[in-house]
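All ligand and atom numbering here is 1-based and tracks the order in the structure.
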Amino acid sequence: MIEEDPVISNIKSRRSVRDYADRPVSNEVIESIIDAGIHAPTGLGMQPWRFVVIKDKAIMKQMSSHCKPKLLKQLEGVNIDAAVQFKKMLKAEEFDIFYNAPVLIIVLGNKNAPTTDFDCAMCAQNMMLAAHSMGLGSCWIGTACLVQDNPEMLDKLKIPADYKVVAPLIFGYTGTVPAAPPRNEPVITWL
Ligand SMILES: Cc1cc2nc3c(=O)[nH]c(=O)nc-3n(C[C@H](O)[C@H](O)[C@H](O)COP(=O)(O)O)c2cc1C
């Protein structure tokens, strides 16, 4: 095993954080996080992203309220433990899919770029790692992609017609950081 350097230990110690301190995140910090994102590699060098930064709690609440019943519908009949647990959370009126985080950044991908999903996912990982290295927590909130089918919501979020929601990411100074979920041993084929 190669000796760990700071980049590798940053990668390994990042967690999906679902508990945030009541402390604002400055625009300067947000811009640094996005700047790390745009240094990701992209297919054909297209850089097919745009970003929507949401600090307005009322907008986040509206998004959460839109997504929760849709998710419950999607999970109908799914009875694995994690889904049952999640359904219980979704049914609670006070549950916020964004965990009351102070900032939501949506990475949008240009629908016309051939590798838009990959590019935006790489951008998102850069952003989460940069945030971690600046002392902030983050979590990818895939469930928020469900706003995509709501034209009113897309309008409110100022999402242009030729862009789609790829990576909704929450950021904030951390409250409780969860333990690392165990990783499965990688399956490697050596030739
Ligand atoms: C594409 C994607 C979608 C995710 N969506 C959610 C989500 O909607 N809500 C949530 O709490 N966590 C979400 N997560 C976070 C995962 O649950 C988390 O990465 C996983 O449990 C491993 O934990 P770790 O990030 O701390 O290593 C998502 C992660 C990814 C990559």
Side-chain angles (χ1 to χ4, degrees), residues 4 7-21 33 36-37 40-42 48-49 51-52 54 57 59-76 78 80-109 115-150 153 157 163-187:
E4 286 204 359
V7 174
I8 295 184
S9 60
N10 184 49
I11 289 170
K12 290 190 179 176
S13 59
R14 178 212 53 81
R15 292 276 67 78
S16 288
V17 173
R18 301 181 180 87
D19 180 40
Y20 292 93
I33 290 171
T42 51
W49 39 57
F51 304 87
V52 182
I54 302 154
K57 290 275 182 186
I59 296 179
M60 283 197 244
K61 188 167 172 26
Q62 247 181 303
M63 293 173 72
S64 180
S65 304
H66 171 76
C67 295
K68 283 164 65 175
K70 290 196 169 281
L71 273 166
L72 273 171
K73 191 141 190 60
Q74 280 187 357
L75 292 172
E76 249 171 42
V78 184
I80 57 165
D81 282 357
V84 171
Q85 210 43 40
F86 194 42
K87 282 194 271 189
K88 226 184 257 170
M89 285 162 75
L90 285 170
K91 280 179 189 155
E93 170 63 30
E94 69 283 2
F95 177 69
D96 169 22
I97 63 164
F98 302 116
Y99 305 102
N100 306 306
V103 186
L104 165 66
I105 306 179
I106 308 178
V107 183
L108 304 177
T115 55
T116 204
D117 289 346
F118 301 125
D119 300 337
C120 291
M122 300 197 86
C123 174
Q125 176 72 335
N126 269 14
M127 291 166 69
M128 292 190 286
L129 291 175
H132 179 43
S133 113
M134 290 190 270
L136 284 86
S138 66
C139 187
W140 183 318
I141 306 295
T143 53
C145 289
L146 289 165
V147 299
Q148 190 67 58
D149 66 0
N150 181 332
M153 213 64 261
L157 296 168
Y163 281 78
K164 63 174 180 173
V165 173
V166 179
L169 308 171
I170 51 172
F171 295 94
Y173 294 97
T174 50
T176 317
V177 178
R183 260 43 184 182
N184 300 331
E185 278 301 310
V187 178

Asks: Using a strict 4.0 Å cut-off to heavy atoms of Tyr99, name the atoms of ligand 1 that fall inside it.
Replies: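 Heavy-atom distances to Tyr99 below 4.0 Å select 9 (N), 10 (C), 11 (O).
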
Asks: With heavy atoms under 4.0 Å as the rule, classify the contact between Pro181 and ligand 1 as side chain, backbone, both or neither.
Replies: side chain

Asks: Take atom CG of Asp149 as the centre, draw a 6.0 Å sphere, and report whether it contains more than 12 heavy atoms from other residues, nucleotides or ligands.
Replies: yes

Asks: Search all heavy atoms of Ile54 against all heavy atoms of Leu157 and return the closest pair with its distance.
Replies: CD1-CD2, 3.5 Å

Asks: Considering only the protein, which heavy-atom contact is closest to atom 14 (N) of ligand 1, and what is its distance?
Replies: Trp140 O, 3.1 Å

Asks: For Asn10 and Leu129, work out which heavy atoms get closest and say how close.
Replies: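 Looks like ND2-O, 3.2 Å.
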
Asks: What is the nearest protein non-hydrogen atom to atom 17 (O) of ligand 1, stated with its residue, atom name and distance?
Replies: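 Of every protein heavy atom, Arg18 NH2, 3.0 Å lies nearest to atom 17 (O) of ligand 1.
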
Asks: Would you check if there is a donor-acceptor pair between the side chains of Thr176 and Asp19 at a distance under 3.5 Å?
Replies: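 The criterion, which ignores hydrogens and geometry beyond distance, is satisfied for Thr176 and Asp19.
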
Asks: Between Ser16, Ser138, Gly137, Ala180, flag the one that comes closest to atom 18 (C) of ligand 1 by a heavy atom.
Replies: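 Closest candidate by heavy-atom distance is Ser16.
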
Asks: Would you indicate whether the side-chain heavy atoms of Leu90 and Leu75 approach each other to under 4.5 Å?
Replies: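 Yes. Closest side-chain heavy atoms under 4.5 Å.
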
Asks: Have a look at ligand 1 and work out which part of Arg183, if any, has a heavy atom under 4.0 Å from it: side chain, backbone, both or neither.
Replies: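 Side chain only.
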
Asks: Could you check whether any side-chain N or O of Lys91 sits under 3.5 Å from a backbone N or O of Leu72, counting only pairs where one atom can act as donor and the other as acceptor?
Replies: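 Flag not set: sc Lys91 to bb Leu72 has no pair under 3.5 Å.
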
Asks: Quick one: does atom 20 (C) of ligand 1 have a protein heavy atom under 4.0 Å from it?
Replies: no

Asks: Distance to 0.1 Å, residue and atom name: give those for the protein heavy atom nearest to atom 5 (N) of ligand 1.
Replies: Gly142 N, 3.0 Å

Asks: Hey, is Cys139 touching ligand 1 through its side chain, its backbone, both or neither, going by heavy atoms under 4.0 Å?
Replies: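 Side chain only.
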
Asks: Find all atoms of ligand 1 within a distance of less than 4.0 Å from any non-hydrogen atom belonging to Arg15, and give their numbers and elements.
Replies: 24 (P), 26 (O), 27 (O)

Asks: What is the minimum heavy-atom distance between Asn100 and Lys57, and which atoms define it?
Replies: O-NZ, 3.0 Å

